[in-house]
Amino acid sequence: MGADDMAKIWGALAVATAAVALLGAQAQPQASVATPVALDAAVFAELPMLTHPALSPDGKRFAAQLAVRGQQYLAVVAIDGGATQLIATGDADLNWWRWVNDEWLVLGVSKAISFRGDQMYITRAIGVRADGGKVVALNTHETAQLGGQLLWTAHDGTPRILLAAQTSVYTSERGFWPQVDEVDVSTGKHRMVLGGREGVMDWYADGAGVVRMGIGSTDDGRQRRLLYRADGHSDFRVVDRAKGIHDDLLVPSLFLPESGKALVVQDDDKGFASLWEFDLATMQTGKRLFGAPGYDIAGPMVDPVRSTLLGVQVTEHRTAIYWSDPAMAALKKKLAGMVQGAQVEIASFSADHSVVIAKVGDASAPGAYFVYRTTDQLFQPLAMNNQTLKLRRLHPVKTIRYKARDGLEMEAVLTLPSGSTGKNLPLILMPHGGPSARDDEDWDWWAQFVADRGYAVIQPNYRGSTGYGTAFLRKGEGQWGLAMQDDLNDAVTALAEQGIADPKRVCVVGGSYGGYAALRAAQRDGKLFRCAVSFAGVSDLGRMVGYDSQFLFGGAGKDWMKAQAPDFKAVSPLYHPGDFSTPVLLVHGRKDRRVPFQQSKLMAERLQAEGKNVTFIEQPEGDHFFTRQEDRLSFLKALEAFLAKYNPA
């Protein structure tokens, strides 16, 4: 990117800032109003202006993914309006970024390469000076497949990190097991801290930079063990073992500064993940510190400098952070009081907590990022997530509960067209991906787009979804394409019984596992749906397991998959094309590395051979996560035309 491009990017940020500034400190999204004229699809296809902004320790800059001409780049932006540095990663995927000190960042990237006739996905770490003047490769010429595991960053201002990496791709060689090096990010110089150990792929360090734990595994991943040492001079010993898909290792989430203390996330007596104290000397849990009745916690929020607990993140109806640190709790309360009619969540903070980036918005609005400084106590706009919508609210979202046919109660997220009566509406059933995931009350550009066309949208958190406890999660085992599909159908029934949805005007739309569920619905329950749309969906579970088995520890993955669907062919739509009885739209990116493009291509070929009504759209540059605006737009236009033809609102 040249200087002109950088100027344009900063200009875009400045425009966003000016737009929000007109609202003043008491920024408030507009009240929901009827939208008689549908917005252009391009509005919903816009990439978010900023993604995951992270403040530098001194709070003077932030790093984030920035939308530039329909694509995303890593950018380092001066908070007070200085230069914006764009960092391009070429055809490599940008996975994460972390500040090391005020002047240096480290990035994690990955890329598919050819290796002896096969594709190999390699990871690497890169050092980048914040002013864009220097880029440093942090791996050596010996680094093999995995080279981007960051364990720790220094807290004394020096540009040091701990990095784990392989030096061989062959399990018979010692270099296959990652060694840990201390690396100077500014020079790329290495100093080995810990040699590789057979079976150990993952290492963990405490806040002082001492490698304290490692997870060992057999080659197939079916048996695991946890290694621990009390300090950098002691030997590692095995403190826990696990075997099978239901047996978990008790790995600390945080090593506390006090000697011998840690925090762990594990189930309480009702089967919900909670936060506990942990004694490293006895390897026993102690006091329960936090739990959310009826929900799992996601994990602790940690002060990266002090290695202390600040709060706990949990998704109930929406994702929020419960701040246990009194100062952070007071700051969150203060910021929330400065914004009326919207939700405020702290997204990033400086080392001394004097500068904060906060996200403002709710499920019906894409929202914006603001910056707050304790010195002047001003809450100032930073950037809009959607340059067209700005702080405008669109279609209302709420969480409902319903019962499946076997009596199991579950939640679903319901979006209704703004200004509608909320009765007898055409419906889009939208199952989430994963399936080990869940939907909540957050901005969803798919759901909002469809609601903008006049449809109600229901997003069920069917059995097997995460966040609702271990028992609910395990109820999905053996039920892919079976009871999990029943849960989806039962959500439609519940809305029909309440008079919200017209059961004769329902289509199913999903991506990834949601795309699988859409295909399975068209094949198994076609009489209930007028059409089905699958983006990057799985059509053949056996082929998917074969693809995943190429990776290390694939045996454990295969075991897990067999537990979800014991008979792959019976619930794989690919093998039942003759059963399809409703029109199908398939969309898939050729550069999808999560679900291979062949999953949709073969499905389309089988349906075409059977004379079924199928439309197949290939996205030549598309990936699994819609990182390109062009692919988002082409998908939405195809979806709109397909729904208008087969299930008009």
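As the structure is a prediction and not an experimental result, all values here were calculated from the model. Numbering of residues begins at 1 and proceeds along the displayed sequence.
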### Task
Could you tell me whether the side chains of Arg373 and Gln380 share a donor-acceptor contact shorter than 3.5 Å?
yes
### Query
Taking atom types as modelled and ignoring hydrogens, do the side chains of Asp444 and Gln459 form a donor-acceptor contact shorter than 3.5 angstrom?
yes
#### Entry: Heavy-atom donor-acceptor pair, Trp480 side chain to Val571 backbone, under 3.5 Å
no
### Message
Treating Ser572 as the side-chain partner and Leu541 as the backbone partner, does any N or O pair qualify as donor plus acceptor under 3.5 Å?
### Response
yes
### Query
Can you say whether the rings of Tyr462 and His432 are parallel (under 30°), tilted (30 to 60°) or perpendicular (over 60°)?
parallel
### Query
Should the pair Phe44 and Trp443 be assigned to parallel (<30°), tilted (30 to 60°) or perpendicular (>60°) ring geometry?
parallel
### Query
Is there a donor-acceptor pair closer than 3.5 Å between any side-chain N or O of Asp362 and the backbone N or O of Ala365?
yes
### Task
Check whether any side-chain N or O of Arg520 sits under 3.5 Å from a backbone N or O of Gly481 as a donor-acceptor pair, and report yes or no.
yes
### Message
Over 60° means perpendicular and under 30° means parallel, so tell me whether Trp445 and Phe626 are parallel, tilted or perpendicular.
### Response
perpendicular
### Query
In terms of ring plane angle, is the pair Tyr468 and Tyr295 parallel, tilted or perpendicular, where the classes change at 30° and 60°?
tilted
#### Entry: Single hit among Ile428, Leu425, Leu416, Leu427 for side chain to side chain contact (heavy atoms under 4.5 Å, CB included) with Tyr455
Ile428
### Task
Could you tell me whether a side-chain N or O of Asn385 sits under 3.5 Å from a main-chain N or O of Pro48, the two making a donor and an acceptor?
no
### Query
With no hydrogens and no angle check, is any side-chain donor or acceptor of Lys359 less than 3.5 Å from a backbone partner on Ala347?
no
### N/O donor-acceptor pair under 3.5 Å between Ser512 side chain and Gly514 backbone
no
#### Entry: Any donor-acceptor pair under 3.5 Å from Glu46 side chain to Gln387 backbone
yes
#### Entry: Interatomic distance, Ile500 atom CD1 to Ile400 atom CD1 [nearest 0.5 angstrom]
6.0 Å
### Query
Do Leu639 and Val450 pass the side chain to side chain contact (heavy atoms under 4.5 Å, CB included) test, and can you show the C-alpha distance, the side-chain angles, and the key distance before you say yes or no?
CA-CA 9 Å; Leu639 174 62; Val450 172; 4.0 Å; yes
### Query
Could you state the interatomic distance from CG (Asn386) to CD (Gln448), rounded to the nearest 0.5 Å?
11.0 Å
### Option from Thr399, Thr415, Thr315 for which side-chain hydrogen bond (donor to acceptor under 3.5 Å, both in side chains) with Glu441 holds
Thr399
### Query
Is there a donor-acceptor pair under 3.5 Å between the side chain of Gln65 and the backbone N or O of Leu50?
no
### Message
Quick check against the 3.5 Å criterion: does Arg606 have a side-chain atom that pairs as donor or acceptor with the backbone of Leu574?
### Response
yes
### Query
Quick check: are there more than 12 heavy atoms from other residues, nucleotides or ligands sitting under 6.0 Å from CZ of Arg98?
no
### Query
Would His395 and Asp452 count as having a side-chain donor-acceptor pair, cut-off 3.5 Å?
yes
